[in-house]
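Read through the structure below, which is laid out as structure tokens, and then see the notes.
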Amino acid sequence: MPNEPSVKTLVSEKLMSFLRFSHPLVVQYTAAISQNANSPEEIVDKLLEYGVDGGDAIRSLAADLFLSVSRKAAAQGSNSRRDEVKKNEILARKQRQYRLIVAESDEDKDHDSGTGVAYSSNFATGVVVGEDNNKKKRMATDDREVIRALRKKSRQEYLKKREKEKLQQLDDWIVEGLELSEVERLMYKHNKEILEANKKFSEYVGGSDGGEYRFPEAYDGDGLIDQRRRFGAASKRDTGGFEKLESWEDHQLQKATVKFGSKNRKREADDYQLLFDDSLYKLEGQLLPGKSLDDEITQKLDYVSKKHIGDGRKSLPIYQFKDKLLQMIRDNQVLVIVGETGSGKTTQVPQYLHEAGYTKQGKIICTQPRRVAAMSVAARVAVEMGVKLGHEVGFKIRFEDCTSEKTVVEYMTDGMLLREFSSQPDLKNCSVIMVDEAHERTVSTDIIFSLVKDLARQRSDLKLLISSATLDAEKFSDYFDCAPILEIPGRQYPVDILYKQPVDEILEEAVAATLHIHVTQQPGDILVFLTGQEDIETVEEMLREKVKHYGSKMGELIIHPLFANLPTELQARIFDPIPEKARKVILATNIAETSLTIEGIRYVIDSGLCKLSSYSPRTDMGSLQVTDISKASAMQRAGRAGRTGPGKCIRLYAPDHFQNQMEDNCVPEIQRSDIVSVVLTLKALGINDFKNFDFMDPPSDESMIKALELLYALGALNSKGDLTRIGKLMAEFPLDPKLSRMLIAAEKYGCAEEVMTIAAMLSVDNAIFYSPKNLQAMAENAKKRFEDGDVGDHIALLRVYNSWKETDFSSGWCRENFIQARSMKRARDVRDQLMNLMEKAGIELNSNPNDLDAIKKAIMSGFFPHIGILQGSGSYRILKGLQNVQIHPKSGMARVQPNPRWVVFHELVLTRKEYMRHVSEVKPKWLLEIAPHYYERKELEKFFPRLL
DNA sequence: GAGCACTGC
């Protein structure tokens with residue numbers, strides 16, 4: 001066939017007619033989808049998923065696409081992406097094997113290379129992961145050799161070319177190998193094997209029979225990793241935290257002999273047998289001996305703490321590893337540090353580096369996921385170093401910069417570092433970056449990973465430390481080109497883990513378990529992990545009732561709820577001292593898993609559940625769902641019982657559930673959230689090729705497409721996909737891009753002051769109004785006053801802020817009006833920050849508080865994709881979408897009669913139903929005025945012919 | 001007439 005149209009032409013021409021509003025980058029993505037599809041149906045499915053519905057026409061388009069793609073593939077003998085994945089896997093496996101081979105053969109003779117001394121020297125207790133330390137050390141050394149060789153060949157390259165490069169590198173090895181050392185000879189031999197294996201593999205997958213390659217165990221047919229099998233495979237492999245956890249769990253399960261059933265309990269708690277007979281509470285579990293520190297290390301720690309009484313720094317576990325750590329940092333550019341809480345890594349490592357002279361070359365930056373952590377850690381380090389906070393040691397968080405020109409050790413939030421990147425992409429005044437709590441995988445840390453990985457390749461003088469709690473270490477190491485792992489023990493006492501298969505409702509079980517511990521166990525406080533406020537309040541009530549019922553038969557039980565929305569003064573009550581013989585129970589959400597450490601906890605009850613936010617790019621809707629926690633979380637929760645002494649943890653689920661149902665780690669946040677602002681941030685950093693951007697876990701294609709489309713619609717990107725002037729400006733604001741766009745547009749409508757307030761109020765989530773159960777009617781009334789005249793929720797928020805401002809930001813006023821002072825103060829901080837940025841950007845801060853239409857038009861400039869039209873049924877339809885939604889009952893517009901026909905909304909949420917949150921009425925003709933590039937007159941006339 | 005896990009710029 002002459003002049004066969006290229007895939008790209010087909011896609012852009014035909015598809016563009018379906019994706020009537022489509023960004024060129026979206027077309028690129030669509031092409032990428034079709035490259036990977038196995039059949040026309042698959043393409044159609046994908047496109048339908050993305051909301052492109054063109055009926056038969058699109059089906060024939062898909063068939064065309066597929067044909068041309070397969071022809072092209074046949075012509076070039078190219079492999080699809082999944083083959084690439086397989087090949088990369090083979091390479092990786094080969095490399096791993098190769099390391100083993102080198103390590104083993106190394107054992108036979110006295111290998112005396114200069115670099116080899118690095119960490120095999122003089123440190124008997126040095127744990128570098130795994131049980132056979134000597135072997136591991138040597139492997140780590142050789143890893144470094146490999147990395148050096150690889151680095152030498154490929155700096156500054158992305159995944160796209162990776163496979164090709166790897167092969168090329170191997171080739172180079174073989175050609176160059178003239179004077180070979182023993183190690184090199186082995187490498188040569190092995191590389192040749194890899195090359196041959198690859199060649200065979202290519203022939204195999206490229207073969208005409210279309211046979212499918214399958215991996216022996218750990219990988220499924222799609223080349224994707226099956227988590228469970230991977231977990232099994234990982235434990236059989238050489239190194240890593242997987243093995244550690246798994247084998248430990250296995251060990252415990254096998255060893256378990258002591259029963260902790262009703263028999264024991266009766267003996268221990270005869271007095272209560274009437275209360276706690278079998279029908280009331282049955283604990284089917286095993287008493288597991290629990291996790292304990294290595295004896296040698298425990299002894300050493302004890303010895304050290306005795307020897308250095310009064311010297312806190314030296315009694316920390318990490319002190320034992322100081323020399324080794326410095327040595328490893330000296331010899332490697334990237335180091336993964338695994339250390340549990342209490343090991344002292346966050347405070348000590350930067351100090352060691354400072355003492356070792358790293359700060360002479362530049363600052364040491366240490367990132368934290370939380371503001372409080374960044375501040376408190378910096379404060380402590382300042383004390384330890386005997387300097388004033390803000391001088392040599394400082395911290396930098398939003399709204400608070402406590403650093404100076406003198407500062408050489410800087411703690412900051414991860415989001416802050418991301419901001420720093422945009423003003424100084426090479427971070428040239430810094431010598432070490434330590435990413436702490438990396439296992440939490442916040443969106444910011446994930447992006448920082450990619451950026452620093454790249455930066456490290458450009459700047460060989462930059463040192464990178466990735467510090468994490470155990471589980472992910474291997475993954476981090478793999479991501480950073482097989483960086484060595486240094487493991488530091490934490491101060492962790494043994495925790496016995498008991499499993500309880502739930503029979504009743506989980507809340508009932510939690511109550512029963514709490515009471516069981518209370519009457520049968522030694523003194524010590526109890527921490528119960530539940531999903532949210534509602535559950536916590538229910539359990540609190542149930543517990544109080546039980547306690548009242550059994551009266552003096554039971555010791556006193558002091559119950560404290562704990563969740564983020566709880567007023568701070570009530571949160572602080574968990575630290576109140578309690579009377580002797582009483583026991584404290586804390587009913588907490590995830591807040592107690594990471595953010596808050598409570599001393600004196602000896603018992604943990606783990607429901608195994610948590611609420612997890614998720615976002616669907618297809619429907620643009622967010623929701624909170626009760627989900628199983630991950631294995632990592634379960635371990636973290638259990639660990640909370642062993643901070644001050646040996647403890648116990650009751651898991652309200654079966655061991656089998658833990659082993660087989662729970663994921664190893666939670667899905668990283670970046671895959672669960674709206675990534676528009678991430679994409680804008682990356683664009684602003686000059687990153688254009690998202691498809692090949694080296695994410696540790698990439699967000700879905702779908703959310704990427706939606707994000708690009710939105711940014712294009714907002715005018716942040718031009719048709720080439722480059723950042724526009726407006727886009728650059730938008731990236732400056734620490735806001736959702738829709739809010740930034742609205743803010744920038746406000747100047748034009750003469751109401752920048754007002755819109756600034758609204759943006760600030762909207763960006764402090766939904767925690768402005770609160771209504772206590774007993775005073776609901778009053779709270780409702782108070783709220784209604786701001787909604788007077790059915791002005792819409794946006795204007796109501798503006799009124800709230802301005803009224804508060806008139807009372808000179810009074811907290812008393814907040815209390816009277818059922819408004820959360822905490823949120824208001826935050827809104828004020830955000831507003832101040834926005835004002836500074838607006839001034840810096842040269843945007844005029846004009847004001848027109850009475851022209852509500854102008855304000856709404858400014859809002860629409862950012863939120864024109866969020867338009868709902870009233871349907872006959874009383875529900876609303878999203879203009880550029882298919883969902884039917886309703887006005888959230890908490891919105892002031894919900895009770896307006898007749899219902900407004902056209903509304904703009906801030907966001908969609910899925911709770912009991914699909915709701916629009918923060919709604920205001922708008923006029924349809926504004927749409928044509930503000931977003932003529934997005935809506936066509938014809939399209940709008942369909943709904944409301946007369947209004948246009 | 002419903003409900004807000006937790007962070008961060």
Side-chain angles (χ1 to χ4, degrees), chain A residues 367-374 396-401 412-423 437 440-448 529-538 562-566 588-596 607 609-614 622-627 629 633 666 669-670 672-673 677-678 680-681 684 730-737 739-740 759-760 763-773 776-777 779-780 820 822-823 826 829-830 833-834 836-837 886-892 894-895 907 909-915 917:
Chain A
T367 71
Q368 293 291 319
R370 274 168 293 279
R371 295 162 51 90
V372 190
K396 214 183 255 183
I397 57 181
R398 191 180 185 183
F399 312 130
E400 236 169 303
D401 182 351
M412 58 172 80
T413 45
D414 46 15
M416 201 68 201
L417 179 61
L418 209 53
R419 288 272 148 195
E420 300 257 299
F421 255 107
S422 53
S423 58
E437 313 285 351
E440 288 193 26
R441 302 291 309 276
T442 66
V443 174
S444 304
T445 23
D446 266 24
I447 299 168
I448 286 172
F529 281 102
L530 298 163
T531 57
Q533 181 174 354
E534 202 183 338
D535 282 7
I536 286 172
E537 281 166 358
T538 313
L562 176 66
F563 44 88
N565 261 352
L566 198 70
T589 60
N590 263 356
I591 194 173
E593 202 178 300
T594 48
S595 312
L596 255 166
S607 64
L609 299 168
C610 69
K611 276 190 190 171
L612 204 66
S613 80
S614 61
S623 60
L624 264 184
Q625 266 147 4
V626 176
T627 324
I629 57 170
S633 276
C666 183
E669 197 189 354
I670 200 165
R672 294 184 280 115
S673 38
S677 48
V678 172
L680 184 63
T681 307
M730 279 164 67
E732 293 286 313
F733 292 100
L735 292 173
D736 178 287
L739 287 172
S740 316
S763 66
V764 296
D765 30 274
N766 302 297
I768 304 270
F769 301 98
Y770 79 100
S771 55
K773 261 185 194 147
Q776 258 177 8
E780 281 297 306
Q820 304 228 25
R822 227 195 311 181
S823 305
R826 222 188 118 70
D829 286 341
V830 175
Q833 191 188 21
L834 294 180
N836 286 333
L837 289 166
Q886 266 154 309
I887 298 179
H888 197 283
K890 273 200 170 171
S891 159
R895 52 164 192 277
E907 61 180 354
V909 286
L910 173 67
T911 51
R912 290 187 193 184
K913 287 178 190 165
E914 286 124 343
Y915 288 117
R917 218 181 242 166

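As a basis for the values below, the full set of heavy atoms in this structure was taken, side chains included, without hydrogen atoms, waters or symmetry mates. Naming: A, B, ... by sequence-line order, numbering from 1 per chain.
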Inset, instruction - Could you check whether A:Gln776 gets within reach of a base, just the sugar-phosphate, or nothing at all, counting any heavy atom under 4.0 Å? - result: base
Legend entry - Nearest-angstrom distance from the residue atom CG of A:Asn590 to C1' of B:dA5: 6 Å
Legend entry - From B:dC9, B:dA2, B:dC4, nucleotide with atom closest to A:Arg419 side chain: B:dC9
Inset, instruction - Give A:Tyr770 one of three labels, base, sugar-phosphate or nothing, depending on what nucleic acid heavy atoms sit under 4.0 Å from its own. - result: nothing
Inset, instruction - Name the residue closer to the 5' end of DNA chain B, choosing between A:Phe733 and A:Ser771 according to the nucleotide with the nearest heavy atom. - result: A:Ser771
Inset, instruction - Would you indicate what A:Ala767 reaches in the nucleic acid, counting non-hydrogen atoms under 4.0 angstrom: base, sugar-phosphate, or nothing? - result: nothing
Inset, instruction - Give a yes-or-no answer on whether the side chains of A:Gln776 and A:Glu780 include a donor-acceptor pair shorter than 3.5 Å. - result: no
Inset, instruction - Take atom CZ of A:Phe563 and atom C1' of B:dA5, then tell me their distance rounded to the nearest Å. - result: 12 Å
Inset, instruction - Output yes when a side-chain donor or acceptor of A:Ser891 lies under 3.5 Å from a complementary backbone atom of A:Ile887, and no otherwise. - result: no
Inset, instruction - Using a 4.0 Å heavy-atom cut-off across all strands, classify A:Ile397 as base, sugar-phosphate, or nothing. - result: sugar-phosphate
Legend entry - B:dT7 OP1/OP2 closer than 4.0 Å to side-chain N/O of A:Arg441: no
Legend entry - Distance-only donor-acceptor test (3.5 Å): side chain A:Ser613, base B:dA5: yes
Legend entry - Least distance between heavy atoms, A:Gln368 atom then A:Ala373 atom: OE1-CB, 3.7 Å
Inset, instruction - Please report, rounded to the nearest Å, how far the P atom of B:dC6 is from the CZ atom of A:Arg370. - result: 12 Å
Inset, instruction - Could you check which of B:dA2, B:dC4, B:dG8 has an atom nearest any side-chain atom of A:Lys890? - result: B:dC4
Inset, instruction - Determine the contact category for A:Leu612: base if any of its heavy atoms lies under 4.0 Å from a base atom, sugar-phosphate if only primed atoms, P, OP1 or OP2 are that close, otherwise nothing. - result: nothing
Inset, instruction - Quickly work out the A:Lys396 NZ to B:dG8 P distance and round it to whole Å. - result: 17 Å
Inset, instruction - Would you indicate what A:Thr589 reaches in the nucleic acid, counting non-hydrogen atoms under 4.0 angstrom: base, sugar-phosphate, or nothing? - result: sugar-phosphate
Legend entry - Whole-Å distance separating the OH atom of A:Tyr915 from the P atom of B:dA2: 5 Å
Inset, instruction - Check whether the side chains of A:Asp736 and A:Ser763 place a donor and an acceptor atom closer than 3.5 Å, and report yes or no. - result: no
Inset, instruction - Compare side-chain N and O positions of A:Thr413 against OP1 and OP2 of B:dT7 and report whether any pair is under 4.0 Å apart. - result: no
Inset, instruction - Nearest whole angstrom, please: distance from the C1' of B:dT7 to the CG of A:Leu417. - result: 16 Å
Inset, instruction - Round to a whole Å and report the spacing from CZ of A:Arg398 to P of B:dG8. - result: 10 Å
Legend entry - Contact under 4.0 Å: A:Arg917 side-chain N or O vs B:dC4 OP1/OP2: yes
Inset, instruction - Starting at CD of A:Glu534, measure out to CZ of A:Phe563 and round the result to the nearest 0.5 Å. - result: 11.0 Å
Inset, instruction - Please determine, by modelled atom types, if A:Thr445 and A:Glu440 share a side-chain donor-acceptor pair under 3.5 angstrom. - result: no
Inset, instruction - Would you mind classifying the nucleic acid contact of A:Arg895 as base, sugar-phosphate or nothing, using non-hydrogen atoms under 4.0 angstrom? - result: nothing
Inset, instruction - Give the rounded distance in Å between these two atoms: CE of A:Met416 and C1' of B:dT7. - result: 16 Å
